[in-house]
Engineer: 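I have a structure here, written as structure tokens, and I will follow up with some questions on it.
The chains referred to below are lettered A, B, ... by the order of the sequence lines, with proteins before strands, and numbering in each begins at 1. Computed from a predicted model, the values in this text were never measured in an experiment.
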There are 2 protein chains.
Amino acid sequence: MTTAKRDTYTPETLLSVAVQVFNERGYDGTSMEHLSKAAGISKSSIYHHVAGKEELLRRAVSRALDGLFGILDEEHARVGHAAERLEYVVRRMVEVLIGELPYVTLLLRVRGNTGTERWALERRRDFDHQVAELLKAAVADGDVRGDVEVRLATRLVFGMINSIVEWYRPDGRGMSEREVGDAVVQLVFSGLRKEA
Amino acid sequence: MTTAKRDTYTPETLLSVAVQVFNERGYDGTSMEHLSKAAGISKSSIYHHVAGKEELLRRAVSRALDGLFGILDEEHARVGHAAERLEYVVRRMVEVLIGELPYVTLLLRVRGNTGTERWALERRRDFDHQVAELLKAAVADGDVRGDVEVRLATRLVFGMINSIVEWYRPDGRGMSEREVGDAVVQLVFSGLRKEA
DNA sequence: CCTTGTCCCGACCGATCGTTCGGTTACTCT
DNA sequence: AGAGTAACCGAACGATCGGTCGGGACAAGG
């Protein structure tokens, strides 16, 4: 028992409740009243743990962004052939999306109404650009088709991967993270058509 | 001049303004005050044209759903080999997404907080299921790989196509609808890998 | 001229928004 | 037992929410 000492809320445990409600109702569609009902404490008590609604959003998207940018620091994403690094990043993105599902879900739905949201959008663009560079290098190596524009292809691949948050649910007998990762890699690199 | 007679708002012209604001700020993040500023008329005047905020949402998602379901009624989507019908539907989905971009964008962001939103989600599921059946038939014909589960593949393909609303902008020298359609069909059926 | 109906407005409604505040409970440490 | 403090609460804040209301401006038709 390293952490179990008090059965009261910490900023972290409160965050996990809040993010779940945010994802169900949308950030703007969630009131502090909704959060207090879901957490089982009064509205004013929430302010004992966090500064306000927007801090909860900031903590959540930060966690998601840290997970995604962490991929790019891993060895397999930095050394080797571009095509293999790209495949590694794609597979790891699936793992992070599923591992940090509620946080990444919230990140991907941010619209840009507040300063926090605009900051999140900017960091997302950074990440996308870095993956696009990887794809561009793979094209230059001749390992990836060049007849589809790099930015367009990147966006479509991101669209496929990011859509996981719209339907993946970790409940018991669903599909495994490995199964989804395999499917994404197969479709991204080989498509639907039957191969030899 | 078939329609030009008064330069005042109709429910349709007001809708196009409202949908644009909804997409920028999110439906829940948009107040009637925001709409009145964007439309250039007072808040109360909006109620002369439409019953309320939710009717604007209903009109918008209806238009998007009509466009999508219309695809399935077209001849090329009903007769022929399943694989070819699937490719036709994929290409037409791209056309409808781009042609009705703001309306489809709004549809794809609906969360399910109100009755109207839940109805929209249900109709979307109907559409997805019908396309999944098409994919299943193509697998049975041996034209599409069977090593990726049909429901999983359908979701990933929808994810790629639907992501178009997140980045496609029709401004002047962007890419053409045809270009995007070609790229999607190439990636969906053949993937990123270089082919012969 | 006057009516009729469309289009629009400012003022206002009760409800709810995110947040603050003063005070109470309950646990920890000595 | 008593002090200190972390956790919590109900009540209330000003602002804003979606929506209502009575009436004014204006054009068309007689």
Engineer: Tell me: CD1 of A:I46 to P of D:dC9, nearest whole Å?
Structural biologist: 10 Å
Engineer: Under 4.0 Å from OP1 or OP2 of D:dC8: is there any side-chain N or O of A:H48 that close?
Structural biologist: no
Engineer: Decide yes or no for B:S36 and B:I46: does some side-chain heavy atom of the first lie under 4.5 Å from some side-chain heavy atom of the second?
Structural biologist: yes
Engineer: Which whole-number value in Å describes the distance from A:F22 CZ to C:dG18 C1'?
Structural biologist: 12 Å
Engineer: Between D:dC8 atom C1' and A:K37 atom NZ, what is the distance in whole Å?
Structural biologist: 15 Å
Engineer: Can you tell me which nucleotide in D:dG18, C:dG18, D:dC9 comes closest to the side chain of A:I41?
Structural biologist: D:dC9
Engineer: Answer with base, sugar-phosphate or nothing: what part of the nucleic acid does B:T10 contact at a heavy-atom distance below 4.0 Å?
Structural biologist: nothing
Engineer: Verify the contact: side-chain N or O of B:T8 to OP1 or OP2 of C:dC8, cut-off strictly under 4.0 Å; return yes or no.
Structural biologist: yes
Engineer: For A:R151, I'd like to know if atom CZ has over 12 heavy atoms of other residues, nucleotides or ligands within 6.0 Å.
Structural biologist: no
Engineer: For B:Y9 and for A:E54, find the nucleotide of DNA chain C with the closest heavy atom, then tell me which residue's nucleotide is more 5'.
Structural biologist: B:Y9
Engineer: Is it true that B:E74 and B:R78 have a side-chain N and a carboxylate O under 4.0 angstrom from each other?
Structural biologist: no
Engineer: Between C:dC21, D:dG18, C:dC17, spot the one nearest the side chain of A:S44, thanks.
Structural biologist: C:dC21
Engineer: By the 4.0 Å heavy-atom rule, please label B:S31 as base, sugar-phosphate, or nothing.
Structural biologist: sugar-phosphate
Engineer: If you check every side-chain atom of B:Y47, which of C:dG10, D:dC8, D:dG19 has the closest atom?
Structural biologist: D:dG19
Engineer: Going by modelled atom types, is there a donor-acceptor pair between the base of C:dT19 and the side chain of A:K53 at under 3.5 Å?
Structural biologist: no
Engineer: How do A:K43 and A:H49 order along DNA chain D: which one's closest nucleotide is nearer the 5' end?
Structural biologist: A:H49
Engineer: Using a 4.5 Å cut-off on heavy atoms from C-beta on, say whether the side chain of B:Y27 contacts that of B:K53.
Structural biologist: yes
Engineer: Determine whether A:L72 and A:Y88 fall in the same hydrophobic cluster, where Ile, Leu, Val, Met, Phe, Trp and Tyr are linked whenever their side-chain heavy atoms lie under 4.5 Å apart.
Structural biologist: no
Engineer: Looking only at side-chain N and O atoms, does A:S45 come under 4.0 Å of OP1 or OP2 in D:dC8?
Structural biologist: no
Engineer: Using atom CG of A:L35 as one end and atom C1' of C:dC17 as the other, report the distance to the nearest whole Å.
Structural biologist: 12 Å
Engineer: Starting at CG of A:L14 and ending at C1' of D:dA6, how long is that distance when rounded to a whole Å?
Structural biologist: 15 Å
Engineer: What's the CG-P distance between B:D28 and D:dT16, to the nearest Å?
Structural biologist: 18 Å
Engineer: Report the distance from atom CG of B:N113 to atom P of D:dG18, rounded to the nearest whole Å.
Structural biologist: 13 Å
Engineer: I want to verify a distance call: between D:dC17, C:dC17, C:dT19, whose nearest atom is closest to the B:H34 side chain?
Structural biologist: D:dC17
